[in-house]
Amino acid sequence: MAICRCPLSHLISLLLFLFPSETACRPSGRRPNKMQAFRIWDVNQKTFYLRNNQLVAGYLQGPNTKLEEKIDVVPVEPHTVLLGIHGGKLCLACVKAGNEIRLQLEEVNITDLSKTTEQNKRFTFIRSDSGPTTTFESAACPGWYLCTALEADQPVSLTNEPREAVRVTKFYFQQD
Amino acid sequence: MLTLYLLMMGVSAFTIQPEERTGKKGLSAGKGLSGEAVAAGSCQDRGKHFKTSLKVEGEPVVLRCPQARYWLGATASPRGTVTWRKSGSAVPAPGEDGRVWVQDGDLWILPAQRGDSGTYLCTVRNASYCDQMALDLRVLENTDASLPAVSYPQVLTVAASGSLVCPELSEFAKNKTDLKIQWYKSICLLKFRKQLLVHLTTYAQLLVKGDKVFTFYFYKSVLHYVFMLYCFANCKGIKASLAGKEVETVPVMLSPHQTISASLGSRLTVPCKVFLGGGAHSTTLLWWMANATSIDAAYQAGRVREGPRLEYSENDANYIEVPLIFDPVIREDLTTDFKCVVHNTLSFQMLHTTVKEAAATFSWGIALAPLSLVFLVLGGIWMRRRHRHRTGKAYGLTTLKTGHQDVQSYSSKIKEVK
C-alpha cells in the first residue's frame, strides 16, 4: 500500500498546482469603463462651470453649486490623462491656430479616443502632483498649462507662463 | 417649473411693454437716460443668467449686467448705456429712499430687503444694437438657516496650507485703497493668531496653515467699506476631512507574479492586487498596460481587457484589485510585456509579468493523471499478488534459517559481554 500512497500524494500536489490557474479563469463582467470623475478647483477656490458652452472658473453660491462641472479623467500613461466634461462627451484640447494657442472643448467621446495616435495628442495632458495640488501641461503644446484667471467668471485657458501672478495653474484634483 | 417660468416671463413681458410705451424711464447709467430709446421688442433677448444671486437682508447687493462686461470692456466698440428694471413690478426709481441706484452700469441695492427678491432685467444698448438679459435675485431672512444658501462651499485639505477666498468682491474693490476685510469663524472675529492667519491679501484670502486641524466650518468675512459686507464661505472640506479623513499611503503591490503559466487557447485572468493599509481607495489609480500602451488601445477588439475594479477591505486594511482577462490566450501574448501600474500622489510603481506557455504539459498531465493512477493501482495489485505468491513458498525456510542465525549470534554476544 505504501507504494500506492506515494504517487497518489504526488498526484494530489500536481492537481493542487493546476487548480489555482483553473480557478483564475473565472468569467468576467462587462467591458470596464475606465473613466473616473474628479472634482477640480483652483487654489483660489474657483470651480469650473459652463457659460455659453465655454468652460469658465468662478465662485458658486448655495443652489448654484449644482452647475459645477466635474472633470472626467481617463489615464493614458502613468502621468498623462485625457480630460473631459459632461460624462466624457466634451473633451479639453490644446489647439494651435497660427501663432495662437488656445483651449478648446471638442465634442468627442473620451472613451473613444485612441490614446496612441498623434492627432489625438491634443487631448492629452501631463499631470504633475506637488503636495496637495496638481498642474496640467498640454502634451501637444509643451510648456502650456491649464489655468484660470484671478478674476472670477473668466474662461479656463492655457498659459505658457505658469509662474505669472495673474494666472492660477495649481488645482486641487480629487476623485469625486 | 419651466412652464411656470415661461408663463411668468410672458406675464412680465405684457406688463413691461405698456410701461415702455407710456414712456416710464428705467434706471439708467452711463451717458444718457435711454429708457425710451429702444422698444423692448427690438432688443435681442439673451435669456436668463445661469446664476442666481443670493443675499441676506441688510447686505449690499451689486448686480452686474453680464453682457455689459464684454460691451464695455471691448475697446473697439462704442460705449453703450445700461438700464435696469425689475420684472413684474414698477420700475425701481433711484433716489426715492436712497436704497437703489446704478453706478458704472451696476445695480446697487443697500441695504437689501426681502421684497427686493425677483427677476431684474438689464438692457445694454448703443445707437445700432441692443440686448437684454434677466438676472434672478433672492434676498433671504438674516438667520443661520439661510447660511447654506448664501455660502460658497470651499474645500481645504487637511495637513496642507490653503486659502479661503471671499468671492465677488471686485465690485467693492474698484478704485479702493482702504479696503479692510475681517474674517469670522461663525460669529466670532478671527484674531490674527500667527499659526492660523499668515497673510491677508486684497483678494481677501484667508490663508490657513496646515499644521492644525480646525473644527469649525463657517467662515464669514466682513468688509469695511462704507458699509459691511458679509461674505460666507462654507469650509465644508474641513468638516468632511474630520469625519472621514482620507489618508494616502504608499501602496504595496501583491500581485501579479513575474510569470503566469497558461495554456494557449484558454481563458486566463491575471489579478493585479494592491494593498493600501489604511489608505483610501479613491485616491489610488490602478491599470494594466501591454508593451507600454494601454490595454484598450493595444487590443481594440477586446480579446485582452481589464476586468472591473474591485475595492474591498479585510481586517481594516484596504485592497484594490483589477484583473486582466485574456479570452483566449494566444501565442502573441507569450512575447508581450504586461505590467500593472499603481499611482497615487505618494508613489508610482509597476509590476511586470509575462505569460508562459504550459499548454502541452498541463493538458497531457490532466489526461494522463487518471490513467496513470489506474495503471499504478493495477500494477500495485499485480505486484502484491505476485509477491505474496512467491514469498508464501519460501517463508518457512527463511524464517528458520534467520531464526537459527539470530540465536547463534545472540548467544555469542552474551559470551562476549561475560
Side-chain angles (χ1 to χ4, degrees), chain A residues 1 3-4 7-8 11 14-15 17-18 21-32 34 36 39 41 43-47 49-52 58-65 67 73-79 111 114-117 129-134 150-153 172 174-176, chain B residues 50-54 148-155 157 160 162-165 167-168 170 203 205 233 260-262 266-271 282-283 285 287 289 292-294 296-297 300 302 305-309 323 325 327 341 343 345 348 350 358 362 365-366 369 372-373 376-377 380 383:
Chain A
M1 276 311 283
I3 304 159
C4 294
L8 197 70
L11 203 72
L14 177 78
L15 287 169
F17 176 67
L18 298 172
S21 68
E22 291 298 306
T23 49
C25 297
R26 57 178 186 259
S28 65
R30 61 181 179 79
R31 195 175 169 159
K34 282 198 298 172
Q36 290 170 306
R39 276 204 72 214
W41 68 102
V43 287
N44 287 352
Q45 302 282 354
K46 291 198 293 290
T47 50
Y49 43 90
L50 280 180
R51 184 190 60 199
N52 301 332
Y59 300 100
L60 293 174
Q61 185 187 23
N64 294 325
T65 49
L67 300 167
V73 180
V74 170
V76 183
E77 277 172 47
H79 288 284
T111 49
S114 170
K115 298 145 195 171
T116 44
T117 53
D129 297 311
S130 146
T133 60
T134 305
L150 273 185
E151 204 189 336
D153 287 335
Y172 293 103
Q174 288 183 2
Q175 194 162 33
D176 191 32
Chain B
F50 64 100
K51 278 190 193 176
T52 303
S53 289
L54 294 119
V150 295
S151 302
Y152 294 85
Q154 302 193 12
V155 181
T157 51
S163 57
L164 296 179
V165 177
E168 292 171 20
S170 52
Y203 297 107
Q205 290 179 358
I260 305 288
S261 297
S266 72
R267 276 175 65 95
L268 173 70
T269 301
V270 185
S282 62
T283 51
L285 291 173
W287 70 93
M289 294 179 91
T293 55
S294 75
D296 279 359
Q300 291 185 352
R305 61 184 191 273
E306 280 182 9
R309 175 180 160 119
I325 299 158
D327 190 16
V341 186
H343 175 48
T345 55
F348 175 77
M350 55 178 85
F362 273 25
I366 292 162
S372 55
L373 186 71
L376 278 166
V377 170
M383 285 280 282

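Lettering of chains follows the sequences in order, A, B, ..., and the numbering in each one begins at 1.
- Of all heavy-atom pairs between Leu54(B) and Asn64(A), the closest is CD1-ND2, 4.4 Å.
- Contact record, Asp153(A) with Lys51(B): OD1-NZ, 3.0 Å, taken as the closest heavy-atom pair.
- Aromatic ring pairs are classed by plane angle as parallel below 30°, tilted from 30° to 60° and perpendicular above 60°; the pair Tyr59(A) and Tyr152(B) is perpendicular.
- Smallest separation of non-hydrogen atoms from Pro63(A) and Ala149(B): CD-O, 3.5 Å.
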